Amino acid sequence: MFCAEKRENMTFEQAKAKLSGAGQEHLLRYYEELNEEQRENLLRQIEHLDMELPKMVEHGVKEAERGVLAPLGAITLDEIDKKRESYETSGIQAIKKCKVGAVLLAGGQGTRLGLDGPKGMLNIGVDKELFLFERLVGNLMEVVEKTGAWIPLFIMTSEKNNEDTVTFFKEKNYFGYDPRYVFFFVQQMAPSVSYEGKFYMEDKDKVSTSPNGNGGWFVSLVKAGLLDEVRKFGVEWLNVFAVDNVLQKIADPVFVGAVLENKCVCGAKVVAKADPNERVGVLCLEDGKPSIVEYYEMTDEIIHSRDGEGKLLYNFGVILNYLFQVDTLVQIVEQNLPLHVVERKIPYINENGEYVKPEQPNGYKFETLVLDMIHLMDNCLSFEVERDKEFAPIKNATGVDSLESARNLMKKNGISF
Ligand code: UTP
């Protein structure tokens, strides 16, 4: 009889050899206490550990060097207004033909907010219950009602929050959305390290991992087999958006139409900077290709440079709302994105085997970011939107970009909550 060959795990000795050369033997500290299954789990994780990651923090964290930057103008609010009708008609036509899908990035951990569960389950209401997920689905429903067409909605979760997210949507009856158009997929994870570059453990048999950033969303969607669904529906464009912007417009027909009419392969919603030093990623050109450059990667001279009319040349910040052409995504799916090292609070077990939830950042996570996908595109339409109408993210517990600031903006926009 033909039997499939059983794949053998790495042995304890092999794991020890792999780790000791890199000063990571502590991962085997509890090995003796583990049962057979736990031992196998741990050895499997060690086998797949990327030992290059800790090296990225050994000599301090450095971001990759940037190429030659040049400004990239946006189509501004005035220009959009002049063409609104035409853009909207084109967008509605595309949506009616099911050419547009939406991708909700909900795999993050919301560590700045200090949440335990999925951020989308946050109740942002005061007079009534209003969950972030509910608010976003409601926004998408407005377009469904306007166009009379369901928009396939792909929701990215992580190992940490998938079960809670899926259960929540089911319990809440998908907030009125047609479940035949809702698809969940789980993103990949990456290990976390201490400031000294030691891998953290989150249990005696488990290396600490966290979602590997939002840059892998398309790879994960493909791995989950959902490209078939995308193709089956005839979806040609995917609108990717964040979970925490309560004013998010999803599959906005005007935005879709503008990208189509301007014959671009992608589009990014942007807002004019509140002031030159605002801490946002700016959409510009890098070595002749569209790119998003963080405020700390720009020189003062670039930040303050102005055109003949005194307008800032690098004036448009991104709000994590992008439209990508599916065919182009397929072409770039194999290309690597830069890995960012992000300082975060990482729960771990200490030398005594006790679980510790730190109050302050204690190490680094490794992430790829969706914004780096823009540099893989031949062009990108920079599409200006009104900040007060479309950008109210909830990132922090208090102050800037918090629940309080988001509620103020919802009030300003006449949204009841
Ligand atoms: P953020 O960069 O704000 O990260 O994510 P976060 O995890 O939500 O919050 P912090 O930084 O820990 O406080 C922007 C968007 O990307 C998603 C988030 O869910 C959010 O919609 N995201 C982030 C993922 O889907 N996966 C990730 O690995 C990271």
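Everything quoted here is computed from the prediction, not taken from an experiment. If you read the sequence from its start, that first residue is 1, and numbering goes on from there. Both counts, for ligands and for their atoms, begin at 1 and track the order of listing.
The protein atom (non-hydrogen) at minimum distance from atom 3 (O) of ligand 1 is Lys395 NZ, 2.6 Å. Among protein heavy atoms, the minimum distance from atom 6 (P) of ligand 1 is reached at Gly110 N, 3.6 Å. Atom 2 (O) of ligand 1 has as its closest protein heavy atom Arg112 NH2, 3.8 Å. When only non-hydrogen protein atoms are considered, atom 16 (O) of ligand 1 lies nearest to Asn214 ND2, 3.0 Å. Here the heavy atom of the protein found nearest to atom 7 (O) of ligand 1 is Gln109 N, 2.9 Å. Here the protein heavy atom with the shortest distance to atom 25 (O) of ligand 1 is Gly107 N, 2.8 Å. For atom 11 (O) of ligand 1, the closest non-hydrogen atom of the protein is Arg344 NH2, 2.8 Å.
At least one donor-acceptor pair closer than 3.5 Å links the side chain of Gln187 to the backbone N or O of Gly213. Although no hydrogens or angles enter the test, the distance criterion places a donor-acceptor pair under 3.5 Å between the side chain of Asn413 and the main chain of Asp388. Side-chain atoms of Lys18 come within 3.5 Å of backbone N or O of Leu49 as a donor-acceptor pair. Looking only at distances, a side-chain donor or acceptor of Glu297 sits under 3.5 Å from a matching main-chain atom of Glu294.
Between Trp150 and Tyr177, the distance separating the two ring centers is shorter than 6.0 angstrom. Taking the centre of each ring, Phe168 and Phe131 come in below the 6.0 Å mark. A centroid separation of 6.0 Å or more is found between the aromatic rings of Phe218 and Phe324. The ring of Phe169 has its center closer than 6.0 angstrom to the ring center of Phe175.
The minimum heavy-atom distance linking Ile346 with Gly363 is given by the pair CD1-C, 3.5 Å.
Residues in residues 336-347 take part in no salt bridge (charged side-chain N to carboxylate O under 4.0 Å, His left out) pair, two or more places apart or across chains.
Nearest-heavy-atom check against atom 21 (O) of ligand 1 across Leu115, Asn161, Asn396, Leu105 picks out Leu105. With Gly213, Ala106, Ala397, Gly108 as candidates, the residue nearest to atom 22 (N) of ligand 1 on a non-hydrogen basis is Gly108. Looking at Val103, Leu371, Val240, Thr111 and measuring to atom 10 (P) of ligand 1, the nearest heavy atom belongs to Thr111.
Shown in contact with Leu320 at under 4.0 Å from a heavy atom are these atoms of ligand 1, numbered in order with element: 14 (C), 15 (C). Less than 4.0 angstrom separates some heavy atom of Lys119 from each of these atoms of ligand 1: 8 (O). Heavy-atom proximity to Gln187, at under 4.0 Å, picks out these atoms of ligand 1: 24 (C), 25 (O), 26 (N), 27 (C), 28 (O).
Considering backbone and side-chain N/O of Val243, one or more are found under 3.5 Å from N/O of ligand 1. Looking at ligand 1, you won't find any N or O of Met156 less than 3.5 Å from one of its N or O atoms.
The proximity of Val342 to ligand 1, defined as any non-hydrogen pair under 4.0 Å, does not occur for either the backbone or the side chain.
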